[in-house]
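All values derive from a computational prediction rather than experimental measurement. Numbers here simply count residues along the sequence, with the first being 1. In listed order, ligands and their atoms are each counted from 1.
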Amino acid sequence: MTCFTYRNGQLYAEDVALQDITRAHGTPCYVYSRAGLEANWRAFDQAFAGHDHLVCFAVKANSNLAVLNLLARLGSGFDVVSGGELERVLAAGGDARKVVFSGVGKREDEMQRAIEAGILCFNVESEAELQRLNRVAGKMRRRAPVALRVNPDVDARTHPYISTGLSSSKFGIPIADAPRLYAEAKIMAHVEIVGVDCHIGSQITEVEPFVDALSRVLDLVDELSKQGIVLRHIDTGGGVGIAYRGEQPPTPERYAAALLDLVQRRLHGRALTLLIEPGRAIAGDAGLLLTRVEYLKQIGAKHFAVVDAAMNDLMRPALYDAYHAIQPVRQQSGATEVYEVVGPVCETSDFLGHERALRIAEGDLLAIMDAGAYGMSMSSNYNTRARAAEVIVDGAKMHLAREREQISALFASERSLP
Ligand SMILES: *Cc1c(COP(=O)(O)O)cnc(C)c1O
């Protein structure tokens, strides 16, 4: 999906010039394309159309209410990892019956609220959590729907910080322990087994790890059915990567074809719904971060472009050494200089890009590309910096989806001693 294109040397989001967005809403500013978000969601939905399925957008990738609302209108389900994310989905008009709740540390109050709301499934990550969920549901005289998140012990071959499917990670239940825990769950009075879940990591650029993981999950499904445990769904998690820098991740079509091929060969017509939890692949390339060049400075041989966005706005470069393309909002001809593009935060890790060839002057606008996922949702107020505005472009219209934070609001809830 190409939602951001140059016209006469000016970068546009759909039919809106990015420069006009900064005139109205300032910088730093996240900009998302409605068409981009919807096309990415639909690509997954259509790729699985031949099989009973539900696309559950991973809310942690982008939790803006307007973004969630657009996806809810398409019929999306949601994968949440906290009570806070559940409240966002409900506030955005999402259907609780299409919500799965993942995460290794669910609190009792979060479980209670999710049961009350009537979610589709808890993705349970440990025996202790299973027992706690049974107790919490029991107090409410309810049965909590559960899938066990199993760890298939496959190497997703991605960045170690976003790889979750190896047996050394904190996530999930070792797949070898799963039959015992399913048997335990089966005799619990207040949980109802509905599925099985796995999620092996993020920014995965090959299909093989997904296929390996699903294949092991299907072995488990067979074993469980021998024990008389029949599941309604298999959740294969998220993790499909995007092209930050020329990577060639599987398209939704190729990803779906690989999974469906395996499912059809292995399930022999048994009816099992497939759930998928893409986050990055839906929101990532549908968003960018607009920033203005504050200063150009040279230290020795190094040229720095100090911009008004920083690691508090977009943490991925500082956290994972992640690469984001940086493009000028107005293309200019002539010689370029190689810059370290850095923010104002007092940390050496506060950079947005290393060694970028740009032709820029003070006051120019830059677009940090592919920032729609894990951008705003990971932002903080470090250095008491107000968080950026968020704008959604819809054709020729721009919609302010979140106002820029007020500085006074940052400390309004703090209290000095008497
Ligand atoms: C983060 C996460 C996802 C989404 O991952 P993406 O790489 O953004 O697709 C899905 N499921 C779970 C359990 C996650 O933790």
Side-chain angles (χ1 to χ4, degrees), residues 37 40-41 43-45 47-48 54-63 67-68 71 76-82 84-86 89 98-106 114 119-126 129 146-152 156-166 169-173 195-207 209-210 213-214 217 233-244 247 249-252 255-256 259 274-287 315-316 319-320 322 370-378:
L37 290 164
N40 288 341
W41 187 91
F44 279 100
D45 191 47
F48 283 92
L54 180 63
V55 180
C56 296
F57 175 66
V59 173
K60 74 178 192 289
N62 188 322
S63 56
V67 170
L68 301 181
L71 299 179
S76 188
F78 297 95
D79 168 50
V80 303
V81 293
S82 71
E85 287 190 352
L86 173 60
V89 168
K98 293 182 180 174
V99 170
V100 297
F101 191 168
S102 305
V104 293
K106 301 177 193 77
I119 67 165
L120 173 63
C121 186
F122 287 88
N123 290 334
V124 170
E125 304 219 13
S126 66
E129 182 190 335
V146 301
L148 297 190
R149 174 172 175 179
V150 299
N151 190 327
R157 286 173 287 203
T158 182
H159 190 286
Y161 286 11
I162 50 178
S163 183
T164 58
L166 276 172
S169 93
K170 71 174 176 180
F171 296 100
I173 293 162
V196 60
D197 169 52
C198 76
H199 170 74
I200 57 173
S202 202
Q203 185 52 20
I204 297 168
T205 54
E206 304 160 277
V207 289
F210 294 114
L214 179 58
V217 169
H233 76 245
I234 299 178
D235 183 340
T236 62
V240 176
I242 65 171
Y244 287 107
E247 300 92 331
T251 59
Y255 168 73
L259 297 193
L274 268 184
L275 267 54
I276 54 166
E277 305 170 347
R280 189 187 312 272
I282 288 174
D285 69 357
M315 200 183 184
R316 298 188 68 258
L319 189 60
Y320 315 120
D370 305 309
Y374 306 103
M376 186 65 172
S377 64
M378 286 182 122

Check your understanding: Sub-3.5 Å donor-acceptor pair from the side chain of Glu277 to the main-chain atoms of Ala58, do we have one?
Key -> no
Revision key, fill the gap. Residue shell for ligand 1, any heavy atom closer than 4.0 Å, reads Ala58, Lys60, Asp79, Ser102, Arg149, His199, Ser202, Gly238, Gly239, Glu277, Pro278, Gly279, Arg280, Tyr374
Check your understanding: Below 4.0 angstrom, N of the basic side chain to O of the carboxylate: do Lys60 and Glu85 qualify?
Key -> no
**Study point:** Arg280 NZ/CZ over Tyr244 ring centroid, <6.0 Å and within 45° of normal
**Key:** no
**Study point:** Backbone of Val104 reached by a side-chain donor or acceptor of Glu129 within 3.5 Å
**Key:** no
Point to revise | Asp79-Ser102 side chain donor-acceptor pair, cut-off 3.5 Å | key: yes
Review point. Between Lys106 and Phe122, is NZ or CZ placed under 6.0 angstrom from the six-membered ring centre and within 45° of the ring axis?
Key: no
